[in-house]
Amino acid sequence: MRTSNFLLSTLKETPADAEIISHQLMLRAGMIRKVAAGVYNWLPVGLRVLRKVENIVREEMNKSGAQEVLMPAVQPAELWQESGRWEMYGGELLRLQDRHGRDFCFGPTHEEVITSLISNEIRSYKQLPANFYQIQTKFRDERRPRFGVMRAREFIMKDAYSFHLDQEGLQATYDVMYETYTNIFTRLGLGFRAVEADTGSIGGNTSHEFHVLADSGEDAIAVCDKYEYAANVELAEAVTIGGDRPNPTKTLSKVDTPDQTTIAQVSEFLTAEVKTTVKTLLVHGVEDGLVALVLRGDHELNELKAEKHPLIASPLVWASDEEIKEAVGCMPGSIGTVELGLTVIADRSAANIADYICGANTDGVHYTGVNWGRDCPEPEIFDLRKVVEGDICARADNESDESKLSITRGIEVGHIFQLGTKYSEAMNATCLDNNGKAVVMPMGCYGVGVSRIVASAIEQNHDDRGIIWPDSMAPFQLVITPIGYKKSERVKSVCDEIYNTLTKAGIEVLLDDRNERPGIMFADADLIGIPHRIVIGEKSLAKEQIEYKNRRSDTSEDVPQNDIIEFLMERVVKS
RNA sequence: CGGGGUGUAGCGCAGUCUGGUAGCGCAUCUGGUUUGGGACCAGAGGGUCGGGGGUUCGAAUCCCUCCACCCCGACCA
């Protein structure tokens, strides 16, 4: 490709509304342009990268034995009513009506469509297992789209759905997909990690997320290398801290704490360590009435864990100030475990401390020296809190520095689930087993955020000059920067010859034949992140040398003109 | 959904408080001088000042209203 025939819409200045580096660079490099909140145009440079990712995903999926299909983006409401998600899915589902007033939605995911399709196509266990995928535009009406294509409303996703005779078959395909995803992200040249994950609204049980590791990631991941444990913080198990609960040593006493309502205020006012306080949070129960959740003052509630408790309403609903006043007689900030009169569920660590401080259920008053079993009933114990850096790994058999969790951040680019029979049951997807008996097929589902991968790769690979693509994703492998293309016949003919030879050899070459100053051409090539560059000018040709530079390296090297083709063929990865 | 903020040329911004013919830098186009890391000179084009309504002799500026976009939050006990 020649730049004279290619839309290189680079920007010198950073658009004001782009917050994170990948969004800024995608705009500056002329990869994307915004059409509406969370909706983007892909320009030629961007689309070339997107297609690279798509192709790698497609190749690896095909290798795994999955079959490509294409389902409609617009789906009839009936299918969603059948699965029960028309009501459940909420605001993220973009609902539409056709001219007859019939309800449709723009598909945010395709479990309904595929299950309905396959239930008609697959009749016999002999056709199983089967795995179908597509690469397609999805729409999820995010309440807050942001970060460019990282969290867009319209985006490209690879989604796959597998069907099985039994759980064993599902597990086997799940393992194959785990392997396939590992291959995909390895081929893309990304630093990533597979982590145990919550299954969220899609449903099902076993699940792993694949995260590209980056500080700007929206997810926190707890990792312990020693025990090979990695889990999304949403899910990561928090173990009890500090052995058996100590015996009480203090007596229960009431202290006035006027206007002290937060943990920080109370602990400072009473000159006590934060971890000797507990906070009592009131939420709605499954039945009418409130349930009290007790955490150590320095810990935070993990709402997803709380929602899994059978007595707690899901989704979690916080008690309002009025409800708290009515049930307890005080405002939030002075609630405690003594004579509370509500069901109490305590986090493992909160249940394991003695002589703690909590509210006295009267505004401006707290208790000190509170002990479970003596001053209030023993609580029900449940894992309620978010893990924090330095917690002991749930898989560890002893407490040591090696068994401590570290927390890193990641961008979720892949997610694999074992769905079980949630959808096949609802939509009656059965096949006959070898006894001629109808069996509801267990399902798996496997997603890759194709457009998000593009952004996450930039988060991981950039410098102050721009993007540094891994070879596998680069819009072009090589850029030829001539010095004096329009002035020097010799420069022009050498450039054209190398360009033609390499292009014929299947390498994607960008020849910068604009009549620009070298500084502009260098800046553009660096900004759009082409991994390999050669510079051809009269000066070096006089020495029969051609300058080569890798985008990642600070220095260039001179290559004899006669060896340049061989040199480049060796270094530049063919697409 | 709650809170905050911003809408002026393709991009980045000033002008709004205190009403009086719409500006700057970058980009674009023309001519010239340049040409190894975002050049210089001269000239040119480009704006319903987010939309609608109102006040006024006169509105980018004041008032009302709608819209779009961005940020923060959704942990308060």
Side-chain angles (χ1 to χ4, degrees), chain A residues 7-20 23-24 27-28 30 33-39 90-92 141-148 151 257 260-266 277-283 290 292-295 297-304 306 315-321 323-325 327-328 330-337 340 342 357-361 363-364 366 384-386 464-466 481-488 491 512 514-527 533-541 547 549 554 556:
Chain A
L7 186 66
L8 259 191
S9 282
T10 54
L11 302 174
K12 208 162 158 182
E13 284 173 289
T14 303
D17 54 5
E19 192 72 5
I20 60 168
H23 188 197
Q24 294 172 357
L27 289 167
R28 286 192 52 210
R33 292 290 182 253
K34 188 173 71 178
V35 178
V39 177
E92 278 189 25
D141 200 354
E142 293 278 346
R143 55 186 152 181
R144 193 177 157 203
R146 57 185 143 172
F147 305 149
R151 179 168 293 282
T257 50
Q260 310 296 307
T261 57
T262 68
I263 290 291
Q265 287 168 348
V266 170
T277 66
V278 304
K279 49 178 140 185
T280 308
L281 315 176
L282 302 187
V283 299
L290 303 178
L293 310 180
V294 179
L295 293 142
D298 56 332
H299 289 151
E300 287 187 353
L301 179 67
N302 180 327
E303 296 192 14
L304 283 169
L316 196 76
V317 182
W318 293 94
S320 66
D321 287 1
E323 288 169 326
I324 293 171
K325 186 87 186 169
V328 186
C330 68
M331 291 302 285
S334 301
I335 311 172
T337 57
L340 180 58
L342 295 171
I357 297 167
C358 68
N361 300 325
D363 287 332
H366 279 72
L384 283 178
R385 71 180 175 92
K386 273 189 192 164
D464 52 2
R465 296 199 305 269
T481 308
I483 309 294
Y485 187 81
K486 300 271 153 114
K487 279 266 169 70
S488 160
V491 168
D512 201 340
R514 295 175 295 177
N515 195 22
E516 290 289 358
R517 298 166 59 83
I520 289 178
M521 295 193 283
F522 291 146
D524 277 345
D526 287 345
L527 176 59
R533 182 184 84 192
I534 54 172
V535 180
I536 297 174
E538 284 282 7
K539 234 188 271 177
S540 55
L541 286 181
E547 175 188 310
K549 184 176 169 299
D554 288 330
S556 58

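If you're wondering where the values come from, they're calculated on a predicted model, not measured in any experiment.
Under the side-chain contact (heavy atoms from CB on, under 4.5 Å) rule, A:L527 has a single partner from A:R28, A:K12, A:R465, which is A:R28.
Spacing of C1' atoms, B:U18 relative to B:A60, comes out at 15 Å, to the nearest Å. Distance noted for atom C1' between B:A27 and B:C11: 7 Å (whole Å). The same atom, C1', is picked in B:G51 and in B:C57; the two are 26 Å apart, to the nearest Å. Between the P atoms of B:G19 and B:A59, the separation comes to 13 Å (whole Å). Taking the P atoms as reference points, B:C71 lies 14 Å from B:G12, given to the whole Å. The same atom, P, is picked in B:A44 and in B:G50; the two are 27 Å apart, to the nearest Å. Straight-line distance between the P atoms of B:G46 and B:G58: roughly 28 Å, to the nearest whole Å. Between the C1' atoms of B:U55 and B:A14, the separation comes to 27 Å (whole Å).
Looking at residues two or more places apart in sequence or on another chain, you find a side-chain contact (heavy atoms from CB on, under 4.5 Å) between A:E538 and A:S488, A:R490, A:V491. Remark: A:R517 engages no residue in a side-chain contact (heavy atoms from CB on, under 4.5 Å) (not counting sequence neighbours).
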Q.
side chain to side chain contact (heavy atoms under 4.5 Å, CB included), that's the test. Do A:E516 and A:D524 meet it? Break it down for me.
A. CA-CA 11 Å; A:E516 290 289 358; A:D524 277 345; over 6 Å; no
Q: Apply side chain to side chain contact (heavy atoms under 4.5 Å, CB included) to A:F522 and A:V535, showing your working.
A: CA-CA 9 Å; A:F522 291 146; A:V535 180; 3.7 Å; yes
Q | Step-by-step side chain to side chain contact (heavy atoms under 4.5 Å, CB included) determination, A:Y485 to A:I536 | A | CA-CA 9 Å; A:Y485 187 81; A:I536 297 174; over 6 Å; no
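Atom CZ of A:R146 and atom C1' of B:A74 are 11 Å apart (whole Å). Residue A:H23 contributes atom NE2, which lies 11 Å from atom C1' of B:C69 at whole-angstrom precision. One can place CG of A:N515 at 11 Å from C1' of B:U34, the figure rounded to the nearest angstrom. Rounded to whole Å, the distance from CG on A:L290 to C1' on B:A77 is 12 Å. The separation between A:L316 atom CG and B:A74 atom P is 14 Å, rounded to whole Å. Spacing between atom CD1 of A:I20 and atom C1' of B:C70 amounts to 14 Å, rounded to whole angstrom units. Rounded to an integer number of Å, the gap from A:R143 CZ to B:A74 P is 11 Å. For the pair A:E19 CD and B:C69 P, the interatomic distance rounds to 17 Å; values are reported in whole Å.
Taking CG of A:D298 as the reference point, atom OG1 of A:T277 lies at 7.0 Å (rounded to 0.5 Å). If you take CD1 on A:I324 and CG on A:L282, they are separated by 5.0 Å, rounding to the nearest 0.5 Å. Once rounded to the nearest 0.5 Å, the distance linking CG of A:N515 with NZ of A:K486 reads 5.5 Å. Within the model, atoms CD of A:E19 and CD of A:Q24 stand 7.5 Å from one another, a figure rounded to the nearest 0.5 Å.
Base-pair partner of B:C24: B:G12 (Watson-Crick or G-U wobble, both distances under 3.5 Å). Applying the Watson-Crick and G-U wobble criteria (two distances, each under 3.5 Å), B:C17 pairs with nothing in any strand. Using N1 to N3 plus N6-O4 or O6-N4 for Watson-Crick, or N1-O2 and O6-N3 for G-U wobble, each under 3.5 Å, B:U6 pairs with B:A68. With a cut-off of 3.5 Å on both Watson-Crick or G-U wobble distances, the partner of B:A42 is given as B:U30. Shown here, B:G37 forms no base pair; nothing in the strands shown gives a Watson-Crick or G-U wobble contact with both key distances under 3.5 Å.
Without hydrogens or angle criteria, A:N361 side chain to A:G336 main chain gives a donor-acceptor distance under 3.5 Å. For A:T257 (side chain) and A:G364 (main-chain N/O), a donor-acceptor pair under 3.5 Å exists by modelled atom type. Formation of a donor-acceptor pair under 3.5 Å by the A:R33 side chain with backbone atoms of A:L27 is found in this model. The closest donor-acceptor contact from the side chain of A:D512 to the backbone of A:T481 lies at 3.5 Å or more, if one exists at all. A donor-acceptor contact shorter than 3.5 Å links the side chain of A:K279 to the backbone of A:H299.
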If you restrict it to nitrogen or oxygen atoms, what contacts under 3.5 Å exist between nucleotides 36-46 of chain B and the protein, and what is each distance?
residue, atom, partner, partner atom, Å
B:G36, N1, A:E547, OE1, 3.0
B:G36, N2, A:E547, OE1, 2.2
B:G36, N2, A:E547, OE2, 2.8
B:G37, O6, A:R533, NH1, 2.8
B:G37, O6, A:R533, NH2, 2.9
B:G37, N1, A:D526, OD2, 2.9
B:G37, N2, A:D526, OD2, 2.4
B:G38, O2', A:K12, NZ, 2.6
B:G38, O6, A:R28, NH2, 3.2
B:G38, N2, A:D524, OD1, 3.4
B:A39, OP2, A:R517, NE, 3.3

Table of protein N/O atoms under 3.5 Å from nucleotides 2-9 of chain B N/O atoms:
none

Give every pair of a protein N or O atom and an N or O atom of nucleotides 30-32 of chain B that lie under 3.5 Å apart, one pair per line with the distance.
none

Identify all pairs in which a protein N or O lies below 3.5 Å from an N or O of nucleotides 12-14 of chain B, and state each distance.
residue, atom, partner, partner atom, Å
B:G12, OP1, A:A16, N, 2.8

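Within 4.0 Å (heavy atoms only), A:K487 reaches at least one base atom of the nucleic acid. Residue contacts for A:L27: at a heavy-atom cut-off of 4.0 Å it reaches no nucleic acid atom on any strand shown. Nucleic acid contact class of A:K325 (heavy atoms, under 4.0 Å, all strands): none. Among the heavy atoms of the strands, none lies under 4.0 Å from A:T481.
Counting only heavy atoms from C-beta outward, the side chains of A:E547 and A:R533 approach each other to under 4.5 Å.
If A:E516 and A:G333 are placed on RNA chain B by their nearest nucleotide, the residue sitting closer to the 5' end is A:E516. For the pair A:L282 and A:P145, both in contact range of RNA chain B, the more 5′-proximal nearest nucleotide belongs to A:P145.
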